[in-house]
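See structure below.
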Amino acid sequence: QTRISCKDVPAETLYDVLHDTRYRSKWDSNMIETYDIGRLTVNADVGYYSWKCPSPLKNRDFVTLRSWLPLGNDYMIINYSVKHPKYPPRKDFVRAVSLQTGYLIKANGDGACILYYLTQVDPRGSLPKWVVNRVSQFVAPKVRK
């Protein structure tokens with residue numbers, strides 16, 4: 001988990017940036033591909049995301065159920081992995097599992113906000129625990145920035 005104060009970014013703008021899958025390639029340098037699979041409700045969808053892992057690790061991908069909720073001036077986005085019959089694991093990726101990942105964006109005055117990011121991911125594959133823990137120390141702060 002991590003927290004960052006954004007002094008010059010309104011909560012609504014940050015929410016829009018995090019929520020826009022087409023814009024994600026502009027700020028997420030680890031992303032290979034992302035797209036919406038289908039809308040379930042006005043506040044939930046299923047989507048695909050693939051992620052570049054540091055060498056020599058194999059790249060990972062996810063199929064997740066994402067839900068979001070505006071809470072007045074604050075916003076929440078949460079996802080966790082699901083299986084989808086039309087999107088089975090691909091041979092060129094390891095299918096990772098998001099046990100729970102979420103963003104909480106809290107307004108902090110005019111034009112400012114605080115971003116809370118929490119993720120609990122099983123990267124799958126044959127990775128020693130120490131590798132997962134070491135890579136995690138770099139990934140969460142990079143996502144935050």
Side-chain angles (χ1 to χ4, degrees), residues 1-71 74-108 112-145:
Q1 73 179 10
T2 187
R3 171 186 173 274
I4 187 170
S5 181
C6 304
K7 293 178 175 41
D8 57 350
V9 181
E12 182 179 19
T13 300
L14 184 55
Y15 171 74
D16 287 343
V17 167
L18 291 173
H19 201 62
D20 187 341
T21 55
R22 285 177 281 174
Y23 185 69
R24 188 166 188 149
S25 64
K26 303 284 189 218
W27 61 268
D28 185 351
S29 60
N30 291 318
M31 185 192 80
I32 297 170
E33 181 180 27
T34 189
Y35 53 84
D36 295 334
I37 293 171
R39 179 67 64 101
L40 302 176
T41 69
V42 295
N43 289 52
D45 63 14
V46 174
Y48 176 83
Y49 174 79
S50 56
W51 165 51
K52 284 184 252 178
C53 288
S55 182
L57 304 178
K58 194 169 180 181
N59 294 331
R60 284 1 193 210
D61 71 348
F62 301 84
V63 173
T64 60
L65 171 61
R66 180 176 66 158
S67 58
W68 55 91
L69 184 62
L71 304 161
D74 304 331
Y75 302 88
M76 186 172 13
I77 304 170
I78 296 176
N79 77 58
Y80 60 89
S81 286
V82 294
K83 292 181 180 179
H84 193 292
K86 293 184 180 176
Y87 297 88
R90 294 170 41 174
K91 293 184 190 324
D92 52 336
F93 291 96
V94 173
R95 179 62 49 94
V97 176
S98 169
L99 300 167
Q100 182 173 6
T101 298
Y103 301 93
L104 175 61
I105 305 158
K106 296 193 68 64
N108 190 22
C113 65
I114 299 172
L115 171 65
Y116 297 89
Y117 173 68
L118 169 71
T119 186
Q120 186 177 13
V121 172
D122 179 352
R124 297 278 172 99
S126 55
L127 298 174
K129 235 180 217 182
W130 70 268
V131 171
V132 173
N133 291 337
R134 185 77 176 136
V135 169
S136 297
Q137 292 174 348
F138 297 103
V139 172
K142 191 171 182 180
V143 168
R144 178 184 69 193
K145 287 180 184 176

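Positions are given from 1 along the sequence.
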note = Distance col, row Ile105:CD1 vs Ile77:CD1, nearest 0.5 angstrom, shows 5.0 Å
ask   = In chain order, what residues pass the ring-ring contact (aromatic ring centres under 6.0 Å, His included) check against Tyr116, with sequence neighbours excluded?
value = none
query = Sequence neighbours excluded, which residues qualify as side chain to side chain contact (heavy atoms under 4.5 Å, CB included) partners of Val9?
reply = Cys6, Thr13, Leu14
ask   = What is the distance from atom OG1 of Thr2 to atom OH of Tyr117, rounded to the nearest 0.5 Å?
value = 9.5 Å
query = To the nearest 0.5 Å, how far apart are CG in Leu104 and CG in Leu71?
reply = 7.5 Å
message = Please enumerate all residues that pass side chain to side chain donor-acceptor pair (under 3.5 Å) together with Thr101, with sequence neighbours excluded.
response = Ser98, Thr119
key: Nearest-0.5 Å distance, CG of residue Asn108 to CG of residue Leu115   = 12.0 Å
note = Taken in chain and number order and not counting sequence neighbours, the residues that satisfy side chain to side chain contact (heavy atoms under 4.5 Å, CB included) with Asp20 are Arg22, Tyr23
query = Are any side-chain N or O atoms of Arg124 and backbone N or O atoms of Val94, one a donor and one an acceptor, separated by less than 3.5 Å?
reply = no
remark   = The side chain to side chain contact (heavy atoms under 4.5 Å, CB included) partner of Tyr48 among Thr64, Asp61, Thr34 is Asp61
inquiry  = Can you give me the closest heavy-atom contact between Asn59 and Trp51, atom names plus distance?
reply    = CB-O, 3.4 Å
query = For Asp16, what residues pass the salt bridge (Lys or Arg N to Asp or Glu O under 4.0 Å) criterion, not counting sequence neighbours?
reply = none
ask   = Which residues satisfy the side chain to side chain contact (heavy atoms under 4.5 Å, CB included) test with Ser25, sequence neighbours excluded?
value = Met31
ask   = Hey, does the side chain of Lys52 reach the backbone of Ser29 with a donor-acceptor pair shorter than 3.5 angstrom?
value = yes
task = Taking side chain to side chain donor-acceptor pair (under 3.5 Å) as the test, write out the residues that go with Asp28, two or more places apart.
result = Arg24, Tyr49
inquiry  = If I compare all heavy atoms of Arg39 with all of Ala44, which pair ends up nearest, and what's the gap?
reply    = CD-O, 3.2 Å
ask   = For Val46, what residues pass the side chain to side chain contact (heavy atoms under 4.5 Å, CB included) criterion, not counting sequence neighbours?
value = Ile37, Leu40, Val63, Leu65, Val82, His84
key: From CE (Met76) to OH (Tyr103), nearest 0.5 Å   = 14.5 Å
request  = Report the C-alpha distance between Arg66 and Asp36 in whole Å, list the side-chain angles of each, state the deciding distance to 0.1 Å, and finish with yes or no for side-chain contact (heavy atoms from CB on, under 4.5 Å).
outcome  = CA-CA 10 Å; Arg66 180 176 66 158; Asp36 295 334; 4.0 Å; yes
request  = Could you tell me whether a side-chain N or O of Asp74 sits under 3.5 Å from a main-chain N or O of Ala107, the two making a donor and an acceptor?
outcome  = yes
ask   = Okay, side chain of Arg95, backbone of Pro88: is any donor-acceptor separation there less than 3.5 Å?
value = yes
key: Counterpart residues, ring-ring contact (aromatic ring centres under 6.0 Å, His included), relative to His19 (two or more places apart)   = Tyr15, Trp68
query = Taking only residues two or more places apart in sequence, or in another chain, which ones meet Asp8 in a side chain to side chain donor-acceptor pair (under 3.5 Å)?
reply = none
request  = List for me each residue that meets salt bridge (Lys or Arg N to Asp or Glu O under 4.0 Å) alongside Arg90, sequence neighbours excluded, and say none if there are none.
outcome  = Glu33, Asp92
ask   = Partners of Tyr80 by side chain to side chain donor-acceptor pair (under 3.5 Å), sequence neighbours excluded?
value = none
Minimum-distance pair of heavy atoms, taken over all atoms of Ser81 and Phe62 = OG-CD2, 4.1 Å
request  = Kindly give the heavy-atom pair with the smallest separation between Phe93 and Ile32, and that separation in Å.
outcome  = CE2-CD1, 3.6 Å
